[in-house]
Amino acid sequence: MAKTLFEKIWEKHVVKTIEDGPSVLYIDKHFIHEVTSPQAFNGLNKRGIKVFRPQQVVATADHNVPTLNQHLPIKEELSRLQVEALKKNCAEHGIELYGLGHPFQGIVHVIGPELGITQPGMTIVCGDSHTSTHGAFGSIAFGIGTSEVEMVMATQCLMQSRPKLMRINVEGKLNDGVVSKDIVLYILSKISASGATGFAVEFAGSAIRSLSMEARMTICNMSIEMGARCGMIAPDVITFDYIKGRKFAPEGKEWEEKLAYWKTLYTDADAVFDKEVNINAADIEPMITYGTNPGMGVGVTGHVPSLTEIDEKEKPSFEKSLAYMGLQPGTGIKGQKVDYVFIGSCTNSRIEDLRMVASFVKGKRKASDVEVWIVPGSKQVEKQAIEEGIDKIFEEAGFQLRQPGCSACLGMNEDKIPAGKYCISTSNRNFEGRQGQNARTFLASPLTAALAAITGEVGDVREYWNKN
Amino acid sequence: MSKQINTINSTAVPLNMENVDTDQIIPARFLKATSRDGFGKNLFRDWRYEQDDESRPKKDFVLNNPTYKGSILVAAKNFGCGSSREHAAWAIKDAGFDVVVSSFFADIFKNNSLNNFLLPVTVSEGFLQKIFTAIEKDPATTLEVNLPGQFIRINSTGEQESFDINSYKKTCLLNGYDDIDYLLSMRTEIEQFENPVH
């Protein structure tokens, strides 16, 4: 029988299906970090049990870490205690920790793939909604809550009902200036922030297949912003080439065996989805969000919707959103002033993102009234950027290259955008207060963010290229 | 935290706003704790207070309005979207709610709620509007959320609608059972799954 990519992996991992209930799904890899794991470890301690398969768990500290002076003790006491608790828990349970100071430390969804831990056909979980990122390798990757983190620690299994299946096909050639972040923001603007709730989404089509692994990760990363249970892309030669030779990638005979299996991981021609969405790549232009959920986006040449374009029922939340953003209905988005530029997060902090920004800003200087933070996703990304001389380009541009962590994506650590200020951000969420209390976020691609860093306002990179 | 849910009769607190994300339910700066307790006081923190100042409650926010109380939170479409933080479910439960009603829940939030004996009740958009209207008309209106019978009733009008829940999870909630205990009892099966005998 014809099967989807999702079904092939799911069926191979079901230990048992409970009658009129969820399935018990075996989990291959479990990533943990300091914020959503302490209560799970407490739960295990209360039950008097240890982590069942510690060698299948990998830990890092990312959400709560400072991105300057990481060699010094963390100043904020609660953050420090949380990071210390992770260290203690990992030691007690025999879990590998890539903590602060370790050459592999970084954002959990950046380090898994770059170390070759994330592989096709796996089931992967982490107590973080952006775990969907790992689906870019053709794996089933779920973001889970802390009770579920405890569940997987205790039994290496997750109780989960099988989601419905959706395929989003993006066909055709992308326009100049359009990168993978624009694809996913465009999809979000079409299907909304709840358009894929209840579904596992497979991204397919020629435009998706043409993307690098970094670019594919950006798309799967934001599948949760559509409400999707997970996002995934069938692995192909681009995937295999990316994994080969990485630290924990299989080698020799094991590589050959795994590769043979990975090549079977695609959706069969006759397989059926519960829903299909078709997108024409040529319709996509550089995107930007104007509101307070990631579905509220438009092309950079577009405008904030006017009240007549909004459903009566949605008006209260639309008006609340615009009031928060300090924007008027119907106004053009181009030319909006920005105060901060944040290039980082599990969405866009990989070496390719930094290279994209560097090649755009080389020899240019940031606008004088804009502050620019570049936060690499991991120590390895940071090291590579320095080896390639990208750090010098940023320095000359007046950008601040900081140290790895989640940083200003989530208003938790020291990196926050001040109240009322506008930040163009390569991260994934523009919720109220997400980057700091009353901070205002425009989500965009690294390229559109880099342009704003130079001009101090939201602009169209294609127009800039034509003029310069 | 009560580890059992059965039938709840209570007035309700209406939060008629779509796409309420977990960053609003509990902002990230309150996620630094290492225990599960005490999140209720920071529930909807930035919607509740001016500039994070507890002495300056925002008067127009429903949780600050003494007219509305009870153990049922009635929310609008796509409640609990965004971050997977279970702290959102902990905060709602800790603030005294046992049920959240909406026409549409985000998946991770729904699972997190069920794992914390906070019952997410999904109703039709039409029935949700009836609940909002009934509460607006009379804030003393009570709702009956009946888990054994799987229905929710507006007691003032008698209108009711059934809701879905799988029988495994229903049994867990009615009896205070825990998924982890269930899975721990399956360890032999899990080990056999890991090392299949060919």
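To find a chain, count down the sequence lines: A is the first, B the second, and so on, and within it residues start at 1. What you see is a predicted model; the values in this text were computed from it and never measured.
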Okay, B:Asn16 and chain A: the region with an atom under 4.5 Å from a heavy atom over there is neither
Heavy-atom proximity to chain A below 4.5 Å, by part of B:Lys170 = neither
Does a salt bridge link B:Lys169 with A:Asp20, judged by any charged N lying under 4.0 Å from a carboxylate O?
-> no
Who in residues 20-32 of chain B is close to chain A, using a strict under-4.5 Å heavy-atom cut-off?
-> B:Asp21, B:Asp23, B:Gln24, B:Ala28, B:Arg29, B:Leu31, B:Lys32
4.5 Å side-chain heavy-atom contact, A:Met159 and B:Asn115 | no
If one checks every heavy atom of B:Glu194 against chain A at 4.5 Å, the contacting part turns out to be side chain
Between the side chains of B:Glu86 and A:Ser147, is a donor N or O closer than 3.5 angstrom to an acceptor N or O?
-> yes
Quick note, ring pair (Phe, Tyr, Trp, His ring centres under 6.0 Å) partners involving residues 141-193 of chain B, not counting sequence neighbours, are A:Tyr26-B:Phe193, B:Tyr168-B:Tyr182
Approximate separation, where rounding is to 0.5 Å, of B:Arg85 CZ and A:Leu410 CG = 6.5 Å
Which atoms of B:Asn78 come close to chain A, meaning under 4.5 Å heavy atom to heavy atom: side chain ones, backbone ones, both, or neither?
-> side chain
Let me know if A:Arg229 has heavy atoms under 4.5 Å from chain B in its side chain, its backbone, both or neither.
-> both
Non-hydrogen atoms of chain B under 4.5 Å away: do they reach the side chain of A:Ile144, the backbone, both or neither?
-> backbone
With B:Asn42, which residues qualify under side-chain hydrogen bond (donor to acceptor under 3.5 Å, both in side chains), at least two apart?
-> B:Arg45
CD on A:Glu148 to OG on B:Ser84, rounded to 0.5 Å = 9.0 Å
Can a donor-acceptor pair be found between the side chains of A:Glu432 and B:Trp47 at a distance below 3.5 Å?
-> yes
Cut-off 4.5 Å, heavy atoms of chain A, and the answer for B:Asp179 is both
Considering only heavy atoms, give the residues of residues 140-149 of chain B separated from chain A by less than 4.5 Å, sorted numerically, with 'none' for an empty result.
-> none
Distance in Å, A:Cys157 SG paired with B:Leu183 CG, rounded so as to fall on 0.5 Å steps = 6.0 Å
